[in-house]
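Okay, so here's the structure we're looking at.
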Amino acid sequence: MRQIKYFEAVNEAQYQSLEGDPSVLLMGLGVPGPTGIFGTTSGLVDKFGDNRVLDMPSSEQGMTGVALGMTIAGYRPVMIHMRVDFATLAMDQMVNQVAKWHFMYGGKMRAPMVFRMIIGRGWGQGPQHSQSLQAWFSHIPGFKVIMPTTAYDAKGMLISAIKDDAPVVVFEHRWLYGITGEVPEAPYEVELGKAAVMREGKDITIAATSYMALEALKAADDLATLGIQAEVIDIRSLVPLDTETIFRSVKKTGALIVADTGTTDFGVSAEIVSKVVERDCSILKKSPKRIGLPFCPSPTSPALAEDFFPRSVDISYAAADILGFERSRLPPEAETGGRWHDTPDPSFTGPY
Amino acid sequence: MRQIKYFEAVNEAQYQSLEGDPSVLLMGLGVPGPTGIFGTTSGLVDKFGDNRVLDMPSSEQGMTGVALGMTIAGYRPVMIHMRVDFATLAMDQMVNQVAKWHFMYGGKMRAPMVFRMIIGRGWGQGPQHSQSLQAWFSHIPGFKVIMPTTAYDAKGMLISAIKDDAPVVVFEHRWLYGITGEVPEAPYEVELGKAAVMREGKDITIAATSYMALEALKAADDLATLGIQAEVIDIRSLVPLDTETIFRSVKKTGALIVADTGTTDFGVSAEIVSKVVERDCSILKKSPKRIGLPFCPSPTSPALAEDFFPRSVDISYAAADILGFERSRLPPEAETGGRWHDTPDPSFTGPY
Amino acid sequence: MPQIENLSSPVTNLSADDRLAMHFSMLRVRRVEEGIAARYSEQEMRCPTHFCVGQEAVPVGISAHLTPYDYVFSGHRSHGHYLAKGGDLKAKLCELYGKEAGCARGRGGSQHLIDLEAGFVASAPILAGTLPIAVGAVYGSSKTNPERISVVYFGDGATEEGAFHEAMNFAAVKNLPVVFVCENNLYSVHSDFSVRQPPGRSIAKLGPAHGIKSQTADGNDIVTVWNLGQEAVLRARSGDGPTLLEFMTYRWLEHCGPNDDAALKYRTKEEISAWQSKCPIVRSDVALRRDGLLTNDLLKDFERKISEEIETAFEYAKSMPFPDPADLMTFTLPEKA
Amino acid sequence: MPQIENLSSPVTNLSADDRLAMHFSMLRVRRVEEGIAARYSEQEMRCPTHFCVGQEAVPVGISAHLTPYDYVFSGHRSHGHYLAKGGDLKAKLCELYGKEAGCARGRGGSQHLIDLEAGFVASAPILAGTLPIAVGAVYGSSKTNPERISVVYFGDGATEEGAFHEAMNFAAVKNLPVVFVCENNLYSVHSDFSVRQPPGRSIAKLGPAHGIKSQTADGNDIVTVWNLGQEAVLRARSGDGPTLLEFMTYRWLEHCGPNDDAALKYRTKEEISAWQSKCPIVRSDVALRRDGLLTNDLLKDFERKISEEIETAFEYAKSMPFPDPADLMTFTLPEKA
Ligand SMILES: Cc1ncc(C[n+]2csc(CCOP(=O)(O)OP(=O)(O)O)c2C)c(N)n1
Ligand SMILES: Cc1ncc(C[n+]2csc(CCOP(=O)(O)OP(=O)(O)O)c2C)c(N)n1
Ligand SMILES: [Mg+2]
Ligand SMILES: [Mg+2]
């Protein structure tokens with residue numbers, strides 16, 4: 001099948017959505033601009049015009065309200081934030097209005113909106129430009145929250161999100177944009193709310209979000225060299241959360257690692273651990289572990305960022321600790337070519 | 001010892017802080033006004049003047065920045081939001097600036113601020129006026145987050161918070177304001193970061209936040225009629241979280257219920273469950289349960305709010321389910337005098 | 001009996017019928033508020049309720065220029081805006097009683113009134129929250145329906161929120177048919193204007209900064225409101241962009257709830273009674289009688305009609321069923337349309 | 001060689017020494033930026049960096065009126081503001097290199113410069129984020145130190161954030177000694193003014209709405225900047241309240257990073273070179289020579305001093321150690337003071 005990059009898949013999803021439904025439009029700072037939100041919106045303004053692919057003032061709060069207002073006139077806006085950190089300015093509109101819009105008017109209103117939130121890591125983005133706030137939105141009833149990992153899902157889930165009448169918050173990790181996957185040319189939908197088993201295994205379950213799912217696959221490779229078969233689950237959707245798939249896996253393996261791009265404490269992996277143990281804590285033969293950002297703001301210096309953003313080794317070390325073998329038995333971490341791990345792992349080329 | 005109400009304890013903490021330290025000031029919409037934020041600021045403007053007890057424009061975002069700016073000039077502002085929902089407008093300043101202020105300038109700056117966030121329930125506050133967003137702040141490194149339950153802690157923890165050089169977010173439940181406790185007259189501090197065992201027991205641990213701790217005590221009473229000894233832990237502080245106290249209790253009881261005032265999903269109880277099982281999941285003899293708000297916005301109609309806000313019966317039912325006895329064996333819920341449970345439980349008078 | 005300080009401004013192209021209809025509408029808004037107030041202590045309307053007694057002229061004078069097709073948005077103090085735009089009374093009262101037949105099926109209460117058929121699109125209590133929504137709605141609709149306009153009501157306090165400026169800026173960028181209507185009643189809850197806005201501030205000064213035509217005027221004079229409303233609505237309909245109108249008015253009752261609040265002393269008794277003497281309904285009454293349009297009989301007729309409607313509506317609302325508790329989660333996420 | 005379109009405006013009470021000092025300061029800011037740009041591709045300064053080449057006159061002309069005691073705040077494009085206020089060059093370069101000796105101990109990078117001794121209090125990239133902070137700082141300090149003022153720099157894009165208005169409103173309510181300095185370089189990243197702000201908008205129109213004295217002027221003419229800066233700073237120091245200054249200027253390089261970006265085509269080559277022909281440093285150079293104040297020798301002397309300082313600073317920064325990874329969590333919560 002055709003292989004394209006994640007950013008191209010996102011672009012195509014929007015292209016086809018704009019083409020297929022005149023009520024769809026994109027908006028955000030720089031959306032029609034020359035760098036096209038990391039290429040994800042490049043060319044769209046030329047095809048669909050600046051009435052449907054629109055730039056906006058840097059008024060995140062107000063423009064979220066404007067986008068919500070447009071739904072009243074029948075539009076389905078996709079609002080794009082270059083960094084989720086900027087969406088903190090729009091929290092009132094998102095949380096008090098958008099998320100509750102359908103409920104608080106007794107079902108008479110709908111907010112068919114999509115928020116594309118870009119998250120990332122590395123290269124000195126620093127404290128105000130590299131948060132990963134999926135836990136916030138997942139905590140607010142009224143949103144769907146998704147984190148596509150593969151190019152295939154990036155396209156299919158975004159098309160589904162745009163068609164969905166609920167407001168859907170999509171988290172896209174910048175480091176996924178350059179990664180390839182098999183993506184059909186025709187439009188297609190991927191159902192929201194289902195996790196995907198990326199790799200089967202019987203010894204330990206690694207459930208992960210977004211870029212961390214690729215780190216998990218790499219960890220699974222490393223574990224396989226020791227004969228350990230890790231099952232890797234791409235969580236894909238936080239709300240609705242596919243507890244069933246994760247639970248079934250843990251029931252089989254008896255061991256669980258949850259890896260997320262955000263801060264661990266009070267983060268999404270806590271919910272996943274809780275959902276599992278609440279249902280039946282006896283299926284866990286070993287204590288579970290969570291991998292995520294440590295409890296400090298994101299440092300800029302590469303020397304500090306190095307230990308701040310977890311990598312596959314952190315996952316395989318956690319597996320070693322859970323399964324009770326020496327970390328030193330794991331293969332050594334590959335050279336990156338550079339001194340730091342603050343650019344995308346060059347071995348993650350895809351296709352995934 | 002002297003007994004006063006929770007709101008009086010909050011008032012006294014601020015009075016004594018204003019008196020003891022000229023750099024302390026209070027600000028917020030209506031803070032010096034005639035109703036004094038449910039009485040918690042009444043009279044303070046008369047004593048300390050409107051330069052230290054100040055009203056402000058309804059510019060939550062900007063005024064949070066103003067308050068942060070005042071710390072540069074040596075002040076220790078206490079910002080008060082009548083409802084945490086209004087703080088959503090200030091998320092950028094709180095999360096991007098205040099929480100990271102110390103870290104992102106390499107320790108050169110400090111943000112000794114307190115945010116008093118009022119939460120509540122009942123009486124038709126509805127979707128935009130009854131959220132309980134402690135999970136959000138707890139997820140952001142840089143804040144301390146506390147939820148005092150008793151009048152004693154309301155005073156002592158607020159005094160500690162005001163003296164703390166970290167930004168501290170205090171959640172106060174409106175339904176606690178009228179409840180009495182023993183409160184010394186002299187100023188005193190209660191260390192932040194410690195849970196409190198409110199009632200000892202050996203059969204099940206109920207860890208709860210804020211008003212839910214009182215519901216837990218009532219549930220413990222009901223369970224006691226069946227000879228079940230519940231240990232009730234008032235969590236008090238979410239960041240830092242006193243995992244030790246909770247873990248020790250669960251190790252003893254083997255059973256855990258976490259009850260919180262907020263939405264359960266992706267909420268603070270998930271973190272507490274996870275901290276316990278991550279440390280040693282084998283101590284749980286039964287699957288734990290979480291009690292909190294169901295995953296929908298807060299409805300206004302009393303007929304819907306009735307089942308939305310959990311009460312002690314929900315906790316004791318959960319205990320019945322965990323411990324494996326019939327719910328029907330529990331004593332029936334007491335009459336409230338009214339049709340609905342949307343006003344404070346009249347049996348919760350204190351002293352606690 | 002309070003003194004009438006100001007009579008109505010000169011009547012221009014306003015017909016006698018329209019003047020009477022507006023009088024009726026103001027009276028109806030007032031009587032509904034009084035009806036709610038009278039029953040509020042029964043504690044069956046269990047939600048925070050912001051009364052608009054004293055402020056009836058603004059919504060009535062503005063709504064006179066609107067069709068059900070036009071969009072109206074409001075905030076927490078929305079009762080008058082809703083009724084004047086033609087919002088259904090029974091559905092509103094059911095909403096206050098938390099009933100399934102409420103305009104928001106009981107989910108929203110007093111602060112979330114809605115009547116899509118009347119073009120009363122949404123109200124919500126977060127200050128300035130509906131301003132950008134009103135702008136966005138008409139930005140969307142103006143692409144295909146240039147004749148539709150959007151009106152959004154808000155208080156003086158709401159203008160302190162940055163979102164107010166963000167909404168005005170975007171309305172100006174796109175030159176949208178929006179009328180921003182500020183009811184400046186001098187207070188935000190109990191806080192005086194002076195602790196919130198700079199000396200000499202008129203809200204109407206904030207519009208021109210964004211290139212928006214703006215005016216401040218007596219909001220207790222129905223004819224003044226009607227005149228300015230006409231101009232602003234015409235400007236919007238003819239594609240000449242947004243307007244900001246500031247109407248000076250006064251809230252008679254407490255910020256939230258049905259009672260007098262003179263005891264709180266954040267405003268003087270003198271101030272309250274001075275403003276009560278500028279009652280928009282009394283002033284309209286006097287002017288209509290002066291012009292020979294209103295008689296005691298006609299007024300009695302108005303009152304009777306209104307009171308019958310209100311009684312019936314309350315009986316209806318009280319009799320209707322509550323939402324089914326089993327439906328608690330129902331509208332969290334929408335079903336497929 | 002670009003044409004010089006505008007010469008400097010008439011020199012008022014500005015001394016020859018001050019003019020030369022400002023020329024030196026602009027040159028220094030420019031050369032430091034060039035020094036960073038020249039080394040940026042080594043990929044050792046691993047953080048997003050917003051260059052201010054072309055915009056040097058504003059910070060230099062404003063800082064001339066400030067003492068280290070005054071507060072200065074900035075946003076993402078802060079390099080010039082930092083250096084002109086007296087921020088330490090070595091500490092800045094260490095910060096860009098992520099070193100422990102950085103002004104923010106490497107935690108912040110280019111977007112979080114700070115030098116408390118110089119009174120450069122804080123910079124941070126969230127648009128308009130530091131505006132209310134600047135207001136609050138001087139609100140606090142003015143209670144005891146009425147002579148201290150606060151200056152905050154921001155771009156045209158930042159004025160679209162509601163927080164800009166919230167900050168201005170409060171500064172006006174309290175009549176605070178704040179100078180709001182907008183560097184209007186016509187773009188927000190690659191977005192043209194017209195998609196963001198209404199036609200005919202001058203940022204300087206936004207101040208008077210809040211009762212704030214405002215002016216717009218040529219931001220590439222150091223003397224103009226100095227003159228307006230003097231007036232605004234004097235107003236602040238004498239208790240006459242805030243000022244909003246809008247300076248028209250232009251960013252020569254790409255939004256973020258050290259390169260030319262004509263290839264992106266969001267602005268024309270003609271526009272870029274027209275603005276380059278208004279280079280603030282060349283204009284100052286011409287005017288100083290015209291007035292017999294600058295000679296080739298003196299300039300050579302300036303350049304030599306600057307280049308020595310820069311070379312030493314880069315060597316220093318490169319040689320200094322990184323933060324200890326064990327200190328990752330250190331500043332999350334403060335130790336007891
Ligand atoms: C963002 C936000 N902050 C605070 C409140 C609390 N609040 C409710 S009504 C109100 C007063 C608003 O005053 P104004 O806008 O003048 O309207 P009025 O009540 O006078 O009609 C306030 C502060 C709120 N609803 N939303
Ligand atoms: C709240 C917020 N939204 C978006 C951004 C992304 N951003 C960084 S710089 C910038 C351009 C700002 O333009 P302007 O204020 O004119 O400053 P300039 O870069 O032109 O100096 C934008 C949009 C941000 N930093 N903060
Ligand atoms: Mg008001
Ligand atoms: Mg700019």
Side-chain angles (χ1 to χ4, degrees), chain A residues 22-23 25 27 51-52 54-77 79 89-93 95-113 140-144 163-168 192-193 239-240, chain C residues 71 73 95 100 102-109 111-116 121-145 148 150 161-171 173-174 176 323 327 329-337:
Chain A
S23 66
L25 46 82
M27 60 199 295
N51 259 324
R52 297 189 63 202
L54 27 133
D55 216 320
M56 67 177 211
S58 48
S59 310
E60 287 83 356
Q61 180 89 284
M63 292 309 298
T64 303
V66 166
L68 174 58
M70 294 187 82
T71 67
I72 294 164
Y75 287 89
R76 307 178 80 85
M79 172 155 282
L89 284 86
M91 277 308 112
D92 164 41
Q93 283 292 332
V95 165
N96 290 327
Q97 311 289 3
V98 172
K100 301 171 175 43
W101 201 241
H102 186 58
F103 183 93
M104 75 189 172
Y105 298 112
K108 297 196 177 164
M109 306 298 276
R110 284 169 186 243
M113 305 170 75
I140 304 296
F143 290 120
K144 292 188 179 178
K163 291 201 173 165
D164 203 299
D165 271 3
V168 182
L192 307 184
V239 180
Chain C
Y71 293 143
F73 296 83
E95 191 59 32
E100 180 73 15
C103 55
R105 288 206 178 87
R107 271 67 178 177
Q111 303 192 95
H112 293 282
L113 299 184
I114 176 173
D115 187 333
L116 292 176
V121 186
S123 52
I126 295 286
L127 292 179
T130 52
L131 277 116
I133 301 173
V135 171
V138 84
Y139 174 48
S141 101
S142 67
K143 291 168 188 262
T144 43
N145 305 302
R148 174 186 274 151
S150 194
E161 299 289 359
F164 167 60
H165 290 279
E166 295 182 355
M168 285 206 297
N169 179 60
F170 191 72
V173 169
K174 300 291 181 188
L176 296 173
D327 286 338
M329 320 282 292
T330 302
F331 299 116
T332 306
L333 293 174
E335 304 283 314
K336 275 240 143 72

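Numbered from 1 within each chain, the chains take letters A, B, ... in sequence-line order. FYI, side chains are in, hydrogens and waters are out, and symmetry mates aren't considered; it's all heavy atoms of this structure. The structure presented is a predicted model; accordingly, all values stated were derived computationally and were not measured.
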Hits for ring pair (Phe, Tyr, Trp, His ring centres under 6.0 Å) against C:Phe164, two or more places apart or cross-chain, chain-then-number order -> C:Phe154
Looking only at heavy atoms, the pair that brings A:Ala73 and C:Gly140 closest together is CB-C, 3.6 Å
From the list A:Met109, A:Gln61, A:Met56, A:Arg110, the residue making the most non-hydrogen contacts under 4.5 Å with chain C is A:Arg110
Nearest heavy-atom approach of A:Gln93 to C:Pro132 is NE2-CG, 3.6 Å
Turns out that what part of A:Asn96 lies under 4.5 Å from chain C's heavy atoms comes down to side chain
Okay, A:Leu54 and chain C: the region with an atom under 4.5 Å from a heavy atom over there is side chain
Assert top hit (heavy-atom pairs under 4.5 Å, partner chain A, pool C:Gly129, C:Pro323, C:Ala163) equals C:Gly129
Turns out that what part of C:Ile114 lies under 4.5 Å from chain A's heavy atoms comes down to side chain
Applying a strict 4.5 Å limit to non-hydrogen atoms, the region of C:Leu131 in contact with chain A is neither
On a heavy-atom basis, the closest approach of A:Tyr75 and C:Lys143 is OH-CD, 3.1 Å
Per-residue tally against chain C (heavy atom, under 4.5 Å) across A:Lys100, A:Met63, A:Lys163, A:Glu60 peaks at A:Met63
Does the A:Lys144 side chain pair with the main chain of C:Leu333, one donor and one acceptor, at a distance under 3.5 Å? no
Heavy-atom closest pair (A:Trp101 atom, C:Ala122 atom, distance to 0.1 Å) is CH2-CB, 3.6 Å
Okay, A:Asn51 and chain C: the region with an atom under 4.5 Å from a heavy atom over there is both
Honestly, the part of A:Gln97 sitting under 4.5 Å from a heavy atom of chain C is side chain
Bottom line for A:Pro141: the part with an atom under 4.5 Å from chain C's heavy atoms is both
When every non-hydrogen atom of C:Phe331 is compared with those of A:His102, the smallest separation belongs to O-CD2, 3.1 Å
When every non-hydrogen atom of A:Phe103 is compared with those of C:Thr332, the smallest separation belongs to CD1-N, 3.9 Å
### Query
Should A:Ile72 and C:Ile133 count as side-chain neighbours, where that means a heavy-atom distance under 4.5 Å?
yes
Honestly, the part of C:Ala167 sitting under 4.5 Å from a heavy atom of chain A is neither
Is there a donor-acceptor contact under 3.5 Å from the side chain of A:Tyr105 to the main chain of C:Arg107? no
Taken in chain and number order and not counting sequence neighbours, the residues that satisfy side chain to side chain donor-acceptor pair (under 3.5 Å) with A:Arg52 are none
Given C:Met329, C:Glu161, C:Glu335, the one with more heavy-atom pairs under 4.5 angstrom with chain A than any other is C:Glu335
